Each structure stands twice: as structure tokens, then as C-alpha cells.
Amino acid sequence: VCTGTDMKLLRPSSPESHYETLRHLYQGCQVVQGNLELTYLPPGADTAFLKVRSGKTPGAGGGRGSGPSLTRVSPCQDIKEVQGYVLIAENQVSGLELQSLRIIRGTQLFQDRYALAVVGNAGPAGAPGLRQLGMRHLTEILKGGVRIERNPELCFQETILWSDILHRHNEFRGEIQVETTRTRSCPDCRALCAEGHCWGEGKQDCQT
């Protein structure tokens, strides 16, 4: 269990100490009591701290971003539940390791209405920004809506059935803002998943 943060979009004074703070907070955490805020991560930042490595030290194997060293981690040992909101904003990484996130409770909301906000994740000139959400196990948002915008490299967000994820008693069910303006061509989701709902480019990334 970890406490999470409440910084919203406040820009850190030191990117290096900000990264270390996030790594210290979330490494080995399965339940975030507050908000999960992943913001201002620089290009190439190793997001392996979002997973527990069995018998490995963080950063082992030279993993960068979503490199191959991260695939050897047990998927049942990383963040599964966030009690507040999830904010993924102003990052310059191509991927984040949140495959085991199952539920966002929304006891606190970003901008008083969003349980999940993914905004402004664009890489620097010539480098990729966030390319896929990869939250293949997310099945429930109890309170709060969804806001996804200004992610020029992000694919598949419009293929997700968000109405299936927002709880039927969620008073913010109408607050779904999913922008699809992008600067690249995305793979055909229907070629990956028969139902046409994809969290990412792998066969394991179909929304179920």
C-alpha cells in the first residue's frame, strides 16, 4: 500500500528528484490509497518501478521505457487498485507499465470530474510520445469520468468501450472525452482483436 500524490499538473522544480520521488512512492505498490499521478517523465525514463521485480533490482537488464527487461515481471505484482484518480500527463515516454490496474475508485477526482485523465503526453521533436494505454485489466471505474487529449502518438483509445468500465451507478458516466487527433497511423484494432477493442498492439491487449 502506498499513499499516492496530489500535485496535479504542478511542474516539478527538479525533474531528477521528481522521478526518484515517483520511483520511491510506487515501487512495490499494489494499492494506491490516494491518487496515482505519473507526470513529467523524460524520454527514456525507466518505468519499471511500477512493477515488482522478482529477484531483480530496479533497472536491472538495462530496460528503458517498455524494454524487454520489463516483460519478465509477474503481472500480478504491480498496481492493481487506485482509490483516488489516475493522472498520466506531460510525459515523454512511449509506454507505462500499468497492465495490472483493475479498479479506479475515484474517491478523489481530477478537476472534480475525472477518474482517469491522460493529457499532453507528447515526445520531443523526433521522439515518440505515449503510444498505447496498455491497461488491459482495467474493468471498473466506480466514480468519475475519462479525459484523454493531446496525445499525438496514442492509439486505440477510441476503441475502448468506456461505458463498460464506468460503473452503472457512476454519476459521471456522461463525462467521457476521448480525443483521437494523432500524428501516426495506428494498426487495425480489428485485425488484433475480434471485437475491435484494443488496449495495445498485442493479442493479450484485447478489452475483455
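Worth saying up front: this structure is predicted, and the values here are computed from it rather than measured. Position 1 is the first residue of the sequence, and the numbers go up from there.
- Under a 3.5 Å cut-off, the side chain of Trp199 and the backbone N or O of Phe156 do not form any donor-acceptor pair.
- By the 4.0 Å N-to-carboxylate-O rule, Glu149 lies close enough to Arg147 to be salt-bridged with it.
- With rounding to the nearest 0.5 Å, the separation of CD in Gln33 from CD in Gln108 is 11.0 Å.
- Judged purely by atom type and a 3.5 angstrom limit, Asn121 uses its side chain to pair as donor or acceptor with the backbone of Val119.
- Screening residues 25-41 for salt bridge (charged side-chain N to carboxylate O under 4.0 Å, His left out), with sequence neighbours left out, gives no hits.
- Ion pair Lys203/Asp205 not flagged as a salt bridge, since none of the NZ, NE, NH1 or NH2 atoms sits closer than 4.0 Å to an Asp/Glu carboxylate oxygen.
- Applying the side-chain contact (heavy atoms from CB on, under 4.5 Å) test between Leu116 and each of Leu109, Val86, Ile176, Leu36 identifies Val86 as the sole match.
- Checked by atom type, the side-chain pair Glu179/Gln177 shows no donor-acceptor distance below 3.5 Å.
- Of the possible donor and acceptor atoms, none in the side chain of Thr39 sits under 3.5 Å from a partner among the backbone N and O of Leu9.
- Not a single side-chain hydrogen bond (donor to acceptor under 3.5 Å, both in side chains) links His197 to another residue, sequence neighbours left out.
- With respect to the salt-bridge test (charged N to carboxylate O, under 4.0 angstrom), the residues Glu158 and Arg182 qualify.
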task = Evaluate the side-chain hydrogen bond (donor to acceptor under 3.5 Å, both in side chains) criterion for residues Glu153 and Ser94: first the C-alpha distance (whole Å), next the side-chain angles of each, then the deciding distance (0.1 Å), finally the verdict.
result = CA-CA 8 Å; Glu153 296 279 324; Ser94 60; over 6 Å; no

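- Distance CD/Glu201 to CG/Leu192: 7.0 Å, rounded to 0.5 Å.
- Aromatic pair Tyr40/Tyr19: centroids not less than 6.0 angstrom apart.
- For Arg150, the salt bridge (charged side-chain N to carboxylate O under 4.0 Å, His left out) criterion is met by Glu90, not counting sequence neighbours.
- Remark: Cys198 SG to Cys155 SG, distance not under 2.5 Å.
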